[in-house]
Every structure is written in structure tokens, then in C-alpha cells.
Novice: 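Dropping a structure here in C-alpha cells format, bear with me for questions.
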Amino acid sequence: MKKRILAVFLAAAALACSLSACGGATTQTTAPSDETTPSSGAPHANELNVGIAQDLDDSLDPYQMTAAGTREVMFNVFEGLVKPDSSGNYVNAVASDVSISEDGLTYVFTLRDNVVFHNGAACTPDDVLYSFETCAATSVNSAVVEALSAVASMTVEGDTLTMVLSAPNSDFLSYVASVYIVPAGYTEQATQPVGTGPFKFVSRSVQENIILEKHDEYYGEPAHLDKVTYKIYEDNTALFTALDAGALDLVAHLTIDQVNNLSNGYQVLEGTMNLVQAIYLNNAVEPFTDERVRQALCYAVDVDALMDFTAEGHGTKVGSSMYPAFTKYFDESLADAYPHDVEKAKELLAEAGYENGLSFTITVPSNYQPHVDAATVLVEQLSAAGVNAEIQLVDWNTWVSDVYGGRNFQATVVGFDSSTLNASGLLARWVSDNAKNMINYNNPDYDAAYAAAQSTVDDAEQTAYYKECLKILSDTAANVYLQDLADFVALHPDLKGYEFYPIYVIDMSKLYFDTAA
Amino acid sequence: MKYAAKKFLTLIITLFIVSLLAFLAFQIIPGDPTTKLLGTEATEEARAELRAELGLDRPIPVRYWDWLTSFLRGDFGESYSYHMPVSEMLGEKLVITFCLTILSFAITIVLSIPLGILAGSVRSGWLDGLVTAVDQVVMSVPAFFIGILSCFLFGIVLRIFTPGDFISYTQDWGAFLGYLILPALSIAIPRIAMTVKMLRSAIIQELGKDYVRTARSRGGDRGGILRRHVLKNALIPVITFLAVSAAEIMTGTIIIEQVFTIPGVGRLLLSSISNRDFPVVQAIVVIMAAWIVLVNFAADLLYQLVDPRLRLR
């Protein structure tokens, strides 16, 4: 008896030893064979498991959603009169036709007659009116509210909706697209959303999953998949291991390291994140009140080296407040406006009176690993030019209240996207009196160029003004512009139809399993 | 009876102080819930309006009093983030975390007591040295590290476990408990080592006492003495330790739930703190504090059961 207990004990001790011995081995990547492709098995059920890195922990109400991750999922549930397609154009959705008058003031939408909400009710012009009114009154996006406030009159006649604006706004359709159409009088949107999209919302389990199912009465091309389950993995390692083990069919926003370690034969697609990552500088505090100091920092950082170091060269240099998906406005030449030149940086700093070096703090939200990584590399690059930058990590809520709201910071590394699906979503904030002008940028030329772009109805003219805005931001080194991050998506080998959008969404209705492959 | 009443009073006072401290901590940390709810693009007016709607514009004592009175009435409030009643949200999470705690505690007891007795009664120089050394090493490895290692070993190398592929008990109890084994072990392993060490030294200490020699001289066999006399005495300090363990396992789940992405109370607590989802945090903190106080209370009662000398009249 005693002997047997001893044996058990020794076995337990040996197990404990082997567990602690593993400590030294974690850095070795024991990559299992690459042949373990899950596609060899039976055809995949017509259901998709998607891994997402954050919970949908805000309101699901279309006008109250704030998190990019929430909007990414709910894009499949809600639609506006028009909606963006993968090339950034607006296509008809709840409206079957849109016509805009010559002067850009009158918009006439023809409503489809076969649109059915997820709760089975038919979509009527009243629902559309209700949606616009509710959105204008309650939306958390001040830019949308402002755009809708310019609607002087809204009238319904049969199945046509006519809107008259008090001033032309060439971005108006993009705001119309963000007014999701909901059933009038329905009050449970925050927890049980109902829309008109190709998928309907089924359930949300806090920190576990969100389930969508195909909307059978969808008016347009129906979704191929019957069911989409978004599984929440707030820990990156767990998300990756679940993906690698084949428990997930699709995961977006992966890092290059994760892609390199992926061993299950999944396809990997590369796109861009559609954001402008930069060292945003508070132009109203020392030492960044001096344009030469800001330019010196631009010369001191080496964006190519940064991308090499953090993403093996993936990513796109931006050079100003525009990302490449907006092909119309993106100006490639600005990306190289400040080539890496440490001597030039030192010279400019000396001119500005900082010949003995310069110290400042970079505040970084700790929940965004790419920004933390970038900041770490940048600190090293800056030190070569005698600039002593120190990283201060804060949680997201603190960042929003202190840095974004309170503008109490020197420099910060984050990425800005366009929450309104148009160029002004990126550019409006740098107008000197804009409430969201976090960096206190104040440049009369910029204000004038932006105002001119807003007031014109001529597309070419507007594009020229926007490009002028971008040039001014670059010339005055408003910020140290870095890159649009690479976005990697891993997919089940049989999964087809994935499309990158110029905004932060994944369109599930286009995805299908090609079992013949 | 009087004793129980006294303990109960302590419980109430402790919970009151804990809830007050948690409430005050929320006043000190920067940021407020409207950031999460309205995002970065909302106007200041909308923010102020929401603050008023949530009652955040009222003085601190009034808000605390309001929370306390509704809490006592069983109304935990509504989550700011999820727009759901907190009690509805917590139900499933509590079951998950309690299952994990109890499983881990059970593993600790089932493994540590036999191992401890064995370690205490075996007399052999080299084996003793080995046991002490292994014990010391295992004891000092933090649970989360064992968790990460086991994810790596069983998940990536051996591929017999999918980290993150959690299945709730609402769907399948078997798969649910199966998923919890590794996390429960991760918390239990250092605890087992500590308990073994305690039990071992307690047994060795007791074995050197006079009553053991007396019993031996009367012809009692070694095993019988160990079972009948030594163990009873040696278990007393271990019970205290296990009681503390039960409380610490509960708090240990907070970290291990992150490692294994188990959607339990711990993960909800952390995300609610960063979202400044005050009603949720407050409810979880009070429940966890209540658990710790209750476990200690249970340990007190257990002592008296094991050791009649401690019984209060």
C-alpha cells in the first residue's frame, strides 16, 4: 500500500518537475507539421465561427454604438438607404434609386417596396422618417447629427422621400449611409437590435459570443451562410491558439507574428487597417509650439525601419492625415516629405534652441498593442537625434478623458479612422475651432482650404482642396505621420468571397464555403 | 449562538466597508462611463445629459446612499455597458466562477492531504530532500504561469486541449467541466505544494511530541498512531490554511480566467473596471468579499468541530 502511494507521489512530483522544466522551452516554436489542413475532413457546415478580440460591450442600438468592433459586426445587421461597397462607393440599399439635383440641395430617394425587417414587419416610409428623426436626435456621432441638422425639409410622397438641404454637402450620402433604418417605435434596440440587413441578430452572451442568422426575407442577394457566431477572445494568445487549432474559421486583425506562427494551412489575406497612425503632437504646448521642433521629429523617425521592425515591412506610409484606401485624396508623395535624416533633425532642434536635447512624454493607450509597439521603437529612433522621449501607458478610458477630451498631453501614439466614411471624417478635426481638435492645430490656411472644400459641390474642386489640406498638414508637420497598419486576415481554406472595405467592417453576406475546392 | 451573531455582524460591517472603498476608488480614478457609452465623437452636451440620466451629477454621498439602499432591496442596478440588469448578467458568470473555484479547491484537498501525509511520514534522507526541493519550486510558480504553460503544452504542442474553446454549462455540462480542469489545476498546483509543506512540517512536529512516544511505548503501531492521534493535531493549522486557500482560489480565478478566456466573474470584473461600469463592479466586489468572509466563518466553525478545546461556551 505504502509503495503504491509512493509511486503516485513520485509521478506527481515528476509531472511537477516537467511542468517547471517547460519554462525554459517556451521560446522554442515547436511547429507541428504543416499538413494538418482541416479541409481534408468532411465539408464544412454552412455556419461560420469568427474570432473577435473584443466584446460587443456597448449598446447595440444603431445610433448609440460607439466601438469600432461593434460597428464591424452590426454592419451585417443594419443598412441605411444606401450603403458603402468594398470600393468605397455608395450603392442602393433600402432605397432603390437616388437622384441628386444639379445644385446639390435636393435628394430624392425611391424606397424599395419589398424590404422586410428582421421582426417580420414590412419597412414603410414612416419607418424611414422615424429613423432619420431618431438618429438626428440621439446619435452619439456629432458629425452625423450636424450633417442631418442641415436638412431643411423631409417629405414623403408615395414611395419617394425628398430631402432638401439648406446648404450643399458633397459628403451627404455618406451620412445618409450611417442612418440605419429601423422599425418605428421599437425600443429594444440596445439589447435586441432589429434592422434590414442580410443577417439578423439572434443573441448576445456577455463575453462569450454574438450570434447572427441569415435573414430569409432579405430583398437583395441573400447571404450564403446560415449562421455566423462571433466568439469573443479578449486574450490574444487564446484567440490565436483557438484559430490555430481550427476552432475558428475567420479571424481578422492579426499581427505578422501570429501569421508567421500559423500552422494549420489557413489562407492569409493582407489589407490595411484604414487608420492614420502617428505621433500626435499637442501643438499648443512646449516644445511643439515650434514648427521646427515638429519637423525635427519627422526627420528623426524612420518609418520604414519602424515597419520593418514591427511588421516585417508590411504597412503603408501615409505622410498626412489620409489613408490609402481613400485613393481619390491620398497623396503618395507626402509619405516621403520627411526622409530619415538625423543630422537635419539635430540642426532644426539647434535652430529652435534645443541644441542640448529635448525631453517629452508620449502617452499611449495600453490596450492597443500596435501603438505601444510603435512607441517603443520610436523612442529608440528619437534618442539617436538627442530627443529623450518617455512612454507613459494609460488605460483607454483615461486616454479619452485626459488626452482626447482634456488635451492634457504632449504627444501620443494612436490611430485615427474616419467614423463618417468620408474624407472630412479625417480632416474636419484639425480645423482650429473644431471641438475634437485634440492637438490644438491652428492654421488659418488650413481652415480656409477645409471650408472651401466643404462649400463646393464640384467633386474635382473639392478633391483639390482636400489635397491642399493634406499638404498643409505635412508642410507644417502638424504631427509625426507614420503609417496605415497592415491588416492580416486568416480564413478557413474553403472559405471564399472575403473583401476588404475602406472602412472597418467585414461583410459576412459575401462569404461562402467552396466545398468543391 | 452568540458567537454566530457576532460573526454575522462582522460580516455586515466588512461588506459595508468594502463596498464603500470600492465606491470611493471609482471617484479617484480618471475617466467616466460616458466615454465608453458615447465614444469619442459625442458632443459635450450629450455627455452631460447622459451623466444626468445616470445620476452621476449628484453628490457622492447621495449616490452611495442610493446604491446601498437599492442593493439592500436586492436591486443591483443595470449595467451601463450592456443595458441589462446586473443580476441577470451575473447569474451565469457566478456559476462558472464558483464551479472553477470548487473544482480547484477539491483538487487541492484530494491531492494535497495524501501527499502531505506521505511526505510527513516517509523518513529517508534523500527522498525528504527531494520532496522539499520540488515542493519549494512548485510553490513559487505563480498560477497564471502554470496556466500559460499548460495552454502551450496541451494546446499547441500536444493539441489535446483548445484554449479559448470554452463551452458554457448551459450547453454541455461535461464539456464545461472538462474545459475547467486545466484552469482549476493551474490554480491548485501551487496551493497543493503549500498545503503539502504545511502538513508535512505539522506531522513531523507532532511525531516528535511526547504523546507519540507514550503511544509507541504502549505498543501502538506507527500507522495507527499517525491516523488516530497525529493527524488530528496536525490538521488544525492545515484547516486554517485551506480556508485561506478557498478565499484565495476565488480571487485567483480572476487572473486564470484571463489566461484561459473563461467568461466568468473575474473577466467581467476587469472589463467593467476599464469601462467604468460601476454597478457591475460594485456588485462583484461585494459578492467576492462576502465569499471570503463566509469561508473564514466556515473555517472557524470547522475548527471547533475538529478541536473540542477551541469550543466556546
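Numbered from 1 within each chain, the chains take letters A, B, ... in sequence-line order. Predicted, not measured: the structure shown is a model, and the values here were computed from it.
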Novice: Output the option from A/V206, A/T398, A/T241 having the highest count of non-hydrogen pairs under 4.5 Å with chain B.
Specialist: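 Highest number of pairs under 4.5 Å: A/V206.
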Novice: State, without any angle test, whether B/E257 and B/T97 hold a side-chain donor-acceptor pair at a distance under 3.5 Å.
Specialist: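 Side-chain D/A pair, B/E257 to B/T97: present.
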Novice: Counting neighbours of NZ on B/K197 that are heavy atoms of other residues, nucleotides or ligands and sit closer than 6.0 Å, is the number greater than 12?
Specialist: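 It does not: B/K197 NZ has 12 such atoms or fewer within range.
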Novice: Measuring heavy-atom distances to chain B, does A/A247 have an atom under 4.5 Å in its side chain, in its backbone, in both, or in neither?
Specialist: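 For A/A247, the side chain is the part near chain B, not the backbone.
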Novice: Between chain A and each of B/K93, B/M89, B/Q258, count heavy-atom pairs under 4.5 Å; write down the option with the most.
Specialist: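 Most pairs with chain A among the choices: B/K93.
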Novice: Could you tell me which residues satisfy side-chain hydrogen bond (donor to acceptor under 3.5 Å, both in side chains) with B/Y80, sequence neighbours excluded, listed by chain and number?
Specialist: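 If we apply the side-chain hydrogen bond (donor to acceptor under 3.5 Å, both in side chains) test to B/Y80, skipping adjacent residues, there are no hits.
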Novice: Heavy-atom distances under 4.5 Å only: say whether B/L268 touches chain A with side chain, backbone, both or neither.
Specialist: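 Both the backbone and the side chain of B/L268 come within 4.5 Å of chain A.
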Novice: Is the ring pair B/Y169/B/W173 parallel, tilted or perpendicular, if the boundaries are 30 and 60 degrees?
Specialist: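 Geometry flag for B/W173 against B/Y169: tilted rings.
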Novice: With chain B as the partner, which of A/Q64, A/Q207, A/E208 has the greatest number of non-hydrogen pairs under 4.5 Å?
Specialist: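 Top option by heavy-atom pairs under 4.5 Å: A/Q207.
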Novice: Under 4.5 Å from any heavy atom of chain B, what part of A/D55 do you find: side chain, backbone, both or neither?
Specialist: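 Interface part for A/D55: side chain.
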Novice: Under a 4.5 Å heavy-atom cut-off, does chain B meet the side chain of A/L248, its backbone, both or neither?
Specialist: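 For A/L248, neither part sits under 4.5 Å from chain B.
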Novice: Between B/F166 and chain A, which part of the residue has a heavy atom less than 4.5 Å away: side chain, backbone, both or neither?
Specialist: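 Interface part for B/F166: side chain.
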Novice: Indicate whether the side chain of A/N422 and that of A/S424 have a donor and an acceptor atom separated by less than 3.5 Å.
Specialist: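 Yes, side-chain donor-acceptor contact under 3.5 Å.
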Novice: What I want to check is whether the side chains of B/D277 and B/Y82 have a donor and an acceptor closer together than 3.5 Å.
Specialist: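 Distance-only check fails for B/D277 and B/Y82.
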Novice: Angle between ring planes, A/F416 versus A/Y404, binned at 30° and 60°: parallel, tilted or perpendicular?
Specialist: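 Taking A/Y404 first and then A/F416, their aromatic rings sit tilted (interplane angle of 30° to 60°).
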Novice: Counting only heavy atoms closer than 4.5 Å, note whether B/E49 contacts chain A via side chain, backbone, both or neither.
Specialist: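 For B/E49, no heavy atom lies under 4.5 Å from chain A.
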